[in-house]
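Since the model is a prediction, treat every value here as computed from it, not as a measurement. All chains are named by letter (A, B, ...) in the order of the sequence lines, taking the proteins before the strands, and each is independently numbered beginning at 1.
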There are 2 protein chains.
Amino acid sequence: MNIKEASEKTGVSSAAIRYYEKESLIPEIDRTEVGNRDIDDRIIRRITFVTQMRAVGMSIDSLRRYIQLFDAQEDNTKEQKAILQEQLAVMEEKRDDLQSAIDHLNYKLNHFYDHMETTEEELRELERQHAEKKANQ
Amino acid sequence: MNIKEASEKTGVSSAAIRYYEKESLIPEIDRTEVGNRDIDDRIIRRITFVTQMRAVGMSIDSLRRYIQLFDAQEDNTKEQKAILQEQLAVMEEKRDDLQSAIDHLNYKLNHFYDHMETTEEELRELERQHAEKKANQ
DNA sequence: ATAGACCTTAATGTGTACTTGAAGGCAAGC
DNA sequence: GCTTGCCTTCAAGTACACATTAAGGTCTAT
């Protein structure tokens, strides 16, 4: 498939696909006789993977390093493991932060019907909940 | 407390605190007689809140709009609720994406101990198929 | 009273992640 | 043969979120 179809399939712009290839976030793409990119499902999956990781906040740079390890033939397992673990920790923290922000919004939403409590009060309530949660761990 | 102490307390640079104030992500900060910012715990909490939301990927612009609703005195409850709900949905999706990325990494990590037969193998299989296909052309 | 450490505003610079523009090639349809 | 519509590379432009610099003020200690 050509780059436009790939773009439509992935939701990533043609320019961004070229950019990802240039930045080695995806493998080098095969070309047709006239030099046009010929994109297959393997590339599509790679693009999707990049999109997913970008969506959860991984930078192009981290992602490139990660992918290089991922694709590496040499057995540098120990280093790979360390990097994955590091990345995992970052993402777990992010998830937890996100969850408390969600809790915050849910609280706000649930109290809309009752009355408009002040921000101070809400923040105090959230802090109380947070302390409680933390104490329960 | 002055801006430097606030910066140390929150981990947000002085320049960023000034920027947040200018962009209305935090309330206007009181000044001392000579015009220096005098930051109290309420502001610290607001800065921390901004940091948390930024960390989970909310843009300055979305955050400003959210905070304006949050702080609003006027009762436009219905619209506020709709917007908060929308925001909530976005964040929940993000949390789920993050979770599946975490699962992915965890899976990978757990299989490092055994041998290298995780997602890599799947990708290599795809690559093998790809090479085969190419050879057949 | 001069240095050093803090503060102020306003303007400009920086890194990231693309997007857009320029200049041109190839193939199909009118 | 000219337009349309896809493609190419390379360079330059853009948006966001600050960081940095300039030019100056205030406070404290030596």
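Dashed line: the shortest gap from a side-chain N or O of A:N2 to OP1 or OP2 of D:dC7 is under 4.0 Å. Close to D:dA17, at under 4.0 Å from its OP1 or OP2, lies no side-chain N or O of B:Y20. Checking the phosphate oxygens (OP1, OP2) of C:dC7, no side-chain nitrogen or oxygen of B:R37 falls inside 4.0 Å. Contact annotation: B:R31 reaches the phosphate of C:dT9 (side-chain N/O to OP1 or OP2, under 4.0 Å).
Across the protein-nucleic acid pair, A:E33 atom CD and C:dA27 atom C1' stand 14 Å apart, rounded to whole Å. Rounded to whole angstrom, the span from the CD atom of A:E21 across to the C1' atom of C:dC18 amounts to 16 Å. Put simply, CE on A:M1 is 12 Å from P on D:dC7, counting in whole angstrom units. The distance from atom CG of A:L63 to atom C1' of C:dT16 is 14 Å, rounded to the nearest whole Å. Rounded to an integer number of Å, the gap from NZ of A:K22 to P of C:dA17 is 14 Å. A straight line from CD of B:E23 to C1' of D:dC18 spans 10 Å, rounded to a whole angstrom. B:Y19 has its OH atom 10 Å from the C1' atom of D:dA15, to the nearest Å. Whole-Å rounding puts the B:I39 CD1 to C:dC6 C1' distance at 13 Å.
Within 4.0 Å of A:R18, counting heavy atoms only, lies at least one base atom of the nucleic acid. Using a 4.0 Å heavy-atom distance criterion, A:A16 is classed as a sugar-phosphate-only contact. Counting any heavy atom pair closer than 4.0 Å across all strands shown, A:S59 reaches sugar-phosphate atoms only and no base atom. B:T32 comes within 4.0 angstrom of nothing in the nucleic acid, heavy atoms only.
By the 4.5 Å heavy-atom criterion applied to side chains, B:F49 and B:I26 are not counted as neighbours.
Nearest to the side chain of B:I60, among D:dA19, D:dC7, D:dA17, sits D:dA17. Among the nucleotides D:dT8, D:dC6, D:dA19, the one closest to any side-chain atom of A:K4 is D:dC6.
Of the two residues near DNA chain D, B:D61 and B:N36, the one whose nearest nucleotide lies more 5' is B:D61. Across the interface with DNA chain C, nearest-nucleotide mapping of A:V34 and A:L25 shows A:L25 to be the residue nearer the 5′ end.
Under 3.5 Å, the side chains of B:S59 and B:S62 contain a donor-acceptor pair of N or O atoms.
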- Item | Pair A:R46-A:I67, side chain to side chain contact (heavy atoms under 4.5 Å, CB included): steps then yes or no | CA-CA 10 Å; A:R46 291 303 206 101; A:I67 286 169; 3.9 Å; yes

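Within a 6.0 Å radius of CD in B:E93, other residues, nucleotides and ligands contribute 12 heavy atoms or fewer.
Applying the salt bridge (Lys or Arg N to Asp or Glu O under 4.0 Å) test to every pair with at least one member in residues 53-67 of chain B, sequence neighbours left out, gives these pairs: B:E23-B:R64, B:D61-B:R64, B:D61-B:R65.
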